[in-house]
Number of protein chains: 2
Amino acid sequence: MKKVVSSGQPTIKEIAKRLNISVSTVSRALHDHHSIGLRTKARVKALAAELNYERNQTAIYFQQGKTFTIGILLPELSEAFFASAISGIEDTAYSNNYTVLLGQSHDDEAREKQIIQSMKQHRVDGCIVSIGKNTSNYEHFEMLRQARIPVVFFDRIPDLPDIHAVSCNLESGTIQAVDFLLKKGHRAIGMINGPETMVASKERAAGYIKALQQHRLKYDPNLIVNADLTVEGTNNAMEYLLALKRKVTAIVTFNDYVAMDAVQYALKKQLIINKDITFVSYANTPVSGYTAFPPAASVEQFPYEQGQAATNMLLSLLRGEHALNEYQNKVMASQLVIHEENR
Amino acid sequence: MKKVVSSGQPTIKEIAKRLNISVSTVSRALHDHHSIGLRTKARVKALAAELNYERNQTAIYFQQGKTFTIGILLPELSEAFFASAISGIEDTAYSNNYTVLLGQSHDDEAREKQIIQSMKQHRVDGCIVSIGKNTSNYEHFEMLRQARIPVVFFDRIPDLPDIHAVSCNLESGTIQAVDFLLKKGHRAIGMINGPETMVASKERAAGYIKALQQHRLKYDPNLIVNADLTVEGTNNAMEYLLALKRKVTAIVTFNDYVAMDAVQYALKKQLIINKDITFVSYANTPVSGYTAFPPAASVEQFPYEQGQAATNMLLSLLRGEHALNEYQNKVMASQLVIHEENR
DNA sequence: CTGTTAGCGCCTTCAA
DNA sequence: TTGAAGGCGCTAACAG
């Protein structure tokens, strides 16, 4: 008993039969192979068009061992930063005839593993990954390596030696940010940083310190607080900073959300924004323009461009332009964007 | 000459050879088929584990004619609304063992067509689609229908008779919104609506009118303005509304962005928000909580839930629980969310 | 309980 | 210029 699976979609076999020629001739005709007679070619193409023939990609994937699909694994699709990043990835993949398989880990390591597993089974040609907040075990990526599936990490990259990665170094932007504040006359500049373990937090702190050094100013460790990015954490950090003996007149916050929370706190304390206290932040969101008191400046991290860069790196790997073990680590510079001050 | 494509990944054939049994036995053992001896099963599984065997999905897709993949076509990934929607889609798909192929049309009809084409070639089992702003030709969806690939439209649904669709009716939410304002004593309620052609604009207008009717109030067409959702458009609309003889004390805006622009305009005109003028909006964004003057209430459109619902509908179609031509049109109710007023 | 075999759609070598 | 045949990895029908 023959099972019908292809829901009536025409195949080359069918075309061959109708035209009384062989399947290989049809296949070649469809591919414009030079050794096929013009007449035959025309007849084949005409019938193919008439029948609405379409090659069965799954068959081709199967026998070629390539899927022209890349897997994207991200923590959270609804975060503006990642939404932009995906957008950049999809655009680049699309214009190179690749499609994109999507998975979100929700910062859950177990789910991250499952998704990687599933992508591997789907035989994606490669992966682009931004790891979860708490991921500390990287064996799932090791499996990809063994399966010779290239991976490019971006933004949230793991602390491993031999990886392909694209990221945005926050140090440069942070230097610019602190510099900006120093030039406006601020001397006691606080920083609400993220969890100490995060690479991103380290980069922020490093930038902060370097900026001070460049101005030959003393670095006071008390001015940097590590917070957990929740509203309470931000409030606590603000309380701490505002209680310092040295009067803090400017604060660099971990991201725009923290900034907005911090602004709310400051307002409650009757502080006048941009006068008593000035905020500078990191632009994870396009929203800040709409808030009443946006940070005076923001460090842009270029998510769309990071997505593009990661995809291009992966594609060059897939094209064999670089050896898989020739590890590339593209670091893009973050950049300070000064907002309009007349609001 | 044998071409090696599978990059050395072990196959059941290899396992069979090593164990001196047949491929079908291996296949069955791996599937826990009841008719396989415990010993054999164990041996097979052990070797499979040792070799790091993993089934080649592309082979299975190919021979089963199913890919357990659904295609998502959306206008713009970086719009918060769609980002949430995708999140809902991906979560639902994932927990049903489906994966998700992604494409964004950027509201470009040609690109929309290409993506649909590509998804069809990838042999996705079904599609979830939100059409572009300007899409007026639906032949690409007709092709899907002919290929018997089910499509569920959501949010931006085409004006076609026989389709599966999930959407959120804004009429109910709008009624609640106007009702809310009427109960607070407002009588001259303006509306900055979207382009007249959009279904969503019509629903808003209809809700507005119905709410007045329910209160036995006269409907004044002058109070509804169609704008184009740009900042200038919003400013013009505001100028118009504020210049009316009847003093407008409340305004329903098309979405949160329009609301924020309108608030800015009002502030410039020295109006006091929530006193001189009150805004109610539609929640396309989770941001409004951070703005200084968020709308007093918002009509929630539940993008995540819409994504879930669309995916469930598609899955039920794929499972054959409903005939493909038994068209379902799920309309979810929008709902007014009243914000805290003590800010 | 296990083995043999055909076939999914396509491409590609080899032979004519 | 064309045809025949094999094989990609796997499943399932059929035959022991």
Side-chain angles (χ1 to χ4, degrees), chain A residues 1-45 48 51-68 120-123 147, chain B residues 1-45 47-48 51-68 120-123 125 147:
Chain A
M1 195 188 96
K2 203 170 87 182
K3 196 175 48 171
V4 177
V5 284
S6 51
S7 63
Q9 300 253 21
T11 68
I12 50 170
K13 190 192 279 182
E14 195 171 324
I15 296 182
K17 203 180 298 168
R18 295 223 201 185
L19 258 34
N20 247 316
I21 56 182
S22 76
V23 285
S24 44
T25 303
V26 175
S27 172
R28 282 184 285 235
L30 257 15
H31 285 249
D32 269 326
H33 195 284
H34 59 273
S35 72
I36 296 293
L38 272 176
R39 254 187 60 79
T40 322
K41 212 182 279 186
R43 293 204 316 145
V44 168
K45 290 196 172 179
L51 295 182
N52 243 309
Y53 169 79
E54 203 160 70
R55 331 160 33 193
N56 184 339
Q57 286 287 12
T58 62
I60 296 175
Y61 296 157
F62 165 55
Q63 68 114 10
Q64 311 232 323
K66 290 205 61 182
T67 59
F68 287 95
K120 192 174 157 208
Q121 291 198 162
H122 269 262
R123 292 291 206 266
Chain B
M1 195 188 96
K2 202 170 87 183
K3 194 175 52 169
V4 177
V5 283
S6 50
S7 60
Q9 300 254 21
T11 67
I12 50 170
K13 190 191 279 181
E14 196 171 323
I15 296 182
K17 204 181 300 168
R18 294 223 202 186
L19 258 34
N20 248 314
I21 56 181
S22 76
V23 286
S24 47
T25 302
V26 175
S27 172
R28 282 184 285 233
L30 257 17
H31 284 247
D32 270 326
H33 194 283
H34 60 273
S35 72
I36 296 292
L38 273 175
R39 252 186 62 77
T40 323
K41 212 183 278 187
R43 294 205 314 145
V44 169
K45 289 197 171 178
L47 183 57
L51 296 181
N52 243 310
Y53 168 80
E54 203 160 68
R55 21 205 298 240
N56 184 338
Q57 285 287 11
T58 62
I60 297 176
Y61 296 157
F62 165 54
Q63 70 111 10
Q64 310 236 322
K66 290 206 61 182
T67 58
F68 287 94
K120 191 175 156 206
Q121 289 198 165
H122 269 261
R123 293 291 207 264
D125 292 344

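What's counted below: heavy atoms across the whole structure, side chains too, no hydrogens, waters or symmetry copies. Proteins come first, then strands; the chains are lettered A, B, ... in the order of their sequence lines, and each starts at number 1.
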Mind checking [X] for me? I need base, sugar-phosphate or nothing, with any heavy atom below 4.0 Å counting as a touch.
X	answer
I12(B)	base
Y61(A)	nothing
T58(B)	nothing

- request: Could you walk me through whether I21(A) and T40(A) pass side-chain contact (heavy atoms from CB on, under 4.5 Å), step by step?
  value: CA-CA 9 Å; I21(A) 56 182; T40(A) 322; 4.3 Å; yes
- prompt: Where the side chain of N56(A) is defined as all heavy atoms beyond and including C-beta, which of dT2(D), dT12(C), dG9(C) is the nearest nucleotide?
  reply: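 The listed nucleotide nearest to N56(A)'s side chain is dG9(C).
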Options dG9(C), dT2(C), dT11(D), nucleotide nearest the side-chain atoms of I36(B):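 Shortest atom-to-atom distance from the side chain points to dT2(C).
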Minimum-distance pair of heavy atoms, taken over all atoms of Y53(A) and L30(A):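 Looks like CE2-CD2, 3.7 Å.
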message: Just so I know, are the side chains of N56(B) and T11(B) near enough to count as touching, which here means a heavy-atom distance under 4.5 Å?
response: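 In short, these two side chains do not touch, never coming nearer than 4.5 Å.
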Degree of bending in the helix from dC1(C)-dG16(D) to dA16(C)-dT1(D) once both end axes are built from five pairs, to 10°: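 Between the first-five-pair axis and the last-five-pair axis there is 50°.
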query: Would you say H33(B)'s side chain and S35(B)'s backbone share a donor-acceptor pair under 3.5 angstrom?
result: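 Confirmed, H33(B) side chain pairs with S35(B) backbone.
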- prompt: What pairs of residues pass the salt bridge (Lys or Arg N to Asp or Glu O under 4.0 Å) test when at least one of them lies in residues 21-34 of chain A, not counting sequence neighbours?
  reply: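 Found D32(A)-K41(A), D32(A)-K45(A).
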query: For DNA chain D, which residues in residues 21-30 of chain A have a heavy atom at a distance below 4.0 Å?
result: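 When residues 21-30 of chain A is checked for heavy atoms under 4.0 Å from DNA chain D, the hits, listed by number, are I21(A), S22(A), S24(A), T25(A), R28(A).
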task: Please find out if less than 6.0 Å separates the ring center of H122(A) from that of F68(B).
output: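 No; F68(B) has its ring centre 6.0 Å or more from that of H122(A).
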message: Below the 4.0 Å mark, does dC8(D) have OP1 or OP2 next to a side-chain nitrogen or oxygen of K13(B)?
response: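 True: K13(B) side-chain N/O within range (under 4.0 Å) of dC8(D) OP1/OP2.
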